[in-house]
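If you're wondering where the values come from, they're calculated on a predicted model, not measured in any experiment. Counting from 1, the numbers follow the sequence of the chain as shown.
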Amino acid sequence: MKYQTMIEIMTLLLSKRKLTAKAIAERYGISQRSVYRYIEELNVCGVPVDASRGKYGGITIADTYRLPYGYFTREEYTAAINALGAMSSQVNDESVISALEKLKRQQKSEKRELSVCGNIIVDGGTWGGSAKFTEKMRVCESAVNENKCLLIDYISREGEHSKRVIDAHLLIFKQNVWYVYAFCHNKQTFRTFKIGRIKSAVFTGETFKRREFTRDGLDLNFQYTSENLIEVTLEIQKNSLADAEDWLGIDNIEPRGKAFIARMTLPDDGGLVNKILSYGGAVKVLDPPELKEKVISAARRIVEAD
């Protein structure tokens, strides 16, 4: 009975997206304490259900979440919807109508392919595991196109965990990474958020009026200032050329003898050293000297680690 109720709560949230603990408790004849316990167990199982207070509070399930592929086949969805549709036309049963709404919502989600600007298919996830990223892109695209406010659960590069409401104005693709440019209600200014660092996103149910900004005046250095950006010269071995082209871009690499040279501006953070080391010696720093020393020091720490 317990696990059946948990599944019913999950499917109800997939349909309604936001409810109060009191409403769930009354619906299933359980205590509010049990509701919070079930929510905690759903989170342990990987279902992103959140309970919070305040203006956007309540019990919500992330709009980026949907049931796994294979939960139903397309044929099973169609058969179930047809059967419930026929039944609902004959009997006025609230549970039948509710089940029909849930299945239609899930079927619509399964059928939709993510596209930006109509003709671009986006798959920014890992091999064999792109579904979660694709769903986040779908939600961000919908927020931009339809002026929907989003409540995001965001984890910064420094590990800072925050929840904030954003008005998504633009999707940006730079250095093989997707970002959303949005007005942040918390900071009362525009911010750029890396979509891969959004843990979950929920539509608040409100819409926003777009604020004026010019694309030409948009700072595409994001959080990096002139102090964080450095001019870099790299030597690349032929066996790693294809990977380096994916990283740096073909236009920034030119042949020199048996190797290749790349000259460009890159952010000077820990990620740059780690990226260079990931090539296993096939990418060598020629300039600046301080970056070369950072790579050498990092390589020594790896060798000397117990």
Side-chain angles (χ1 to χ4, degrees), residues 17 48 56 60-66 108-127 129-157 160-225 228-229 246-252 264-267 269 271:
R17 290 295 169 180
Y56 300 103
T60 59
I61 191 167
D63 283 281
T64 51
Y65 180 78
R66 60 180 177 179
K108 182 179 179 181
S109 215
E110 288 284 340
K111 284 184 174 180
R112 189 186 190 284
E113 290 184 347
L114 174 70
S115 63
V116 180
C117 301
N119 298 305
I120 301 174
I121 299 299
V122 177
D123 183 354
T126 57
W127 291 103
S130 63
K132 290 183 178 180
F133 182 88
T134 302
E135 279 304 297
K136 287 189 282 190
M137 281 293 301
R138 178 186 66 80
V139 168
C140 289
E141 180 195 5
S142 178
V144 171
N145 291 339
E146 300 173 35
N147 293 358
K148 295 179 179 178
C149 296
L150 276 179
L151 173 64
I152 63 171
D153 190 352
Y154 193 74
I155 301 175
S156 70
R157 183 179 178 85
E160 181 184 351
H161 197 121
S162 64
K163 290 185 178 181
R164 56 185 76 198
V165 177
I166 63 171
D167 301 338
H169 281 60
L170 197 66
L171 292 175
I172 301 171
F173 185 66
K174 181 173 182 177
Q175 283 284 293
N176 299 321
V177 177
W178 280 98
Y179 301 84
V180 58
Y181 182 68
F183 183 83
C184 176
H185 287 215
N186 295 39
K187 301 294 185 181
Q188 284 296 298
T189 187
F190 277 99
R191 288 284 189 272
T192 306
F193 300 95
K194 185 179 290 187
I195 293 179
R197 289 196 166 276
I198 297 176
K199 186 176 181 182
S200 66
V202 179
F203 294 119
T204 67
E206 298 181 354
T207 58
F208 65 89
K209 183 178 180 181
R210 298 182 71 85
R211 292 171 170 82
E212 293 295 327
F213 73 95
T214 61
R215 299 194 182 202
D216 291 339
L218 189 63
D219 181 11
L220 294 179
N221 287 330
F222 305 150
Q223 72 269 31
Y224 300 111
T225 65
N228 303 124
L229 298 170
D246 289 340
W247 172 34
L248 302 169
I250 292 175
D251 295 336
N252 296 310
M264 61 187 307
T265 302
L266 293 172
D269 56 18

Participant: Does the gap between the ring centers of Phe193 and Tyr179 come in under 6.0 Å?
Facilitator: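 No - the distance between ring centres of Phe193 and Tyr179 does not fall below the 6.0 Å cut-off.
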
Participant: Identify whether the distance between the nearest side-chain nitrogen and carboxylate oxygen of Arg138 and Glu135 falls below 4.0 Å.
Facilitator: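 Counted as a salt bridge, because a side-chain N and a carboxylate O are separated by less than 4.0 Å.
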
Participant: Could you tell me if the side chain of Leu150 sits less than 4.5 Å from the side chain of Lys148, heavy atoms only?
Facilitator: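 Side-chain contact under 4.5 Å: no.
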
Participant: For residues Ile166 and Leu151, determine if any side-chain heavy atom of one lies less than 4.5 Å from a side-chain heavy atom of the other.
Facilitator: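 In short, these two side chains do not touch, never coming nearer than 4.5 Å.
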
Participant: So which atom in Leu248 and which in Asn252 form the shortest heavy-atom distance, rounded to 0.1 Å?
Facilitator: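 So the minimum-distance heavy-atom pair works out to O-ND2, 2.7 Å.
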
Participant: Using the ring centroid of each side chain, check whether Phe190 and His169 are separated by less than 6.0 Å.
Facilitator: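 Yes, the ring of Phe190 comes within the 6.0 Å limit of the ring of His169, centre to centre.
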
Participant: May I ask you to decide if Ser156's main-chain N or O and Arg197's side chain share a donor-acceptor pair within less than 3.5 Å?
Facilitator: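 Yes.
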
Participant: Within the structure provided, determine whether Tyr181 and Arg191 are in side-chain contact (heavy-atom separation under 4.5 Å).
Facilitator: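 No; the side chains remain at least 4.5 Å from each other.
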
Participant: Side chain to side chain contact (heavy atoms under 4.5 Å, CB included), that's the test. Do Cys149 and Asp167 meet it? Break it down for me.
Facilitator: CA-CA 5 Å; Cys149 296; Asp167 301 338; 3.4 Å; yes

Participant: CD1 of Ile155 to NZ of Lys194: how many Å apart, nearest 0.5 Å?
Facilitator: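 Result: 12.5 Å between the selected atoms.
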
Participant: For a 4.5 angstrom cut-off between non-hydrogen side-chain atoms, does Trp247 reach Leu266?
Facilitator: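 Result yes, sub-4.5 Å side-chain heavy-atom pair found.
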
Participant: Take Met137 and Leu171, measure what side chain to side chain contact (heavy atoms under 4.5 Å, CB included) needs, and give me the verdict at the end.
Facilitator: CA-CA 9 Å; Met137 281 293 301; Leu171 292 175; 4.2 Å; yes

Participant: Which is it for Leu170 and Phe213 under the side chain to side chain contact (heavy atoms under 4.5 Å, CB included) test, yes or no, and what are the steps along the way?
Facilitator: CA-CA 10 Å; Leu170 197 66; Phe213 73 95; 4.1 Å; yes

Participant: Return yes when atom NZ of Lys163 has more than 12 non-hydrogen atoms of other residues, nucleotides or ligands closer than 6.0 Å, and no otherwise.
Facilitator: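 More than 12 within 6.0 Å, yes.
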
Participant: Do Trp178 and Cys140 pass the side chain to side chain contact (heavy atoms under 4.5 Å, CB included) test, and can you show the C-alpha distance, the side-chain angles, and the key distance before you say yes or no?
Facilitator: CA-CA 11 Å; Trp178 280 98; Cys140 289; over 6 Å; no

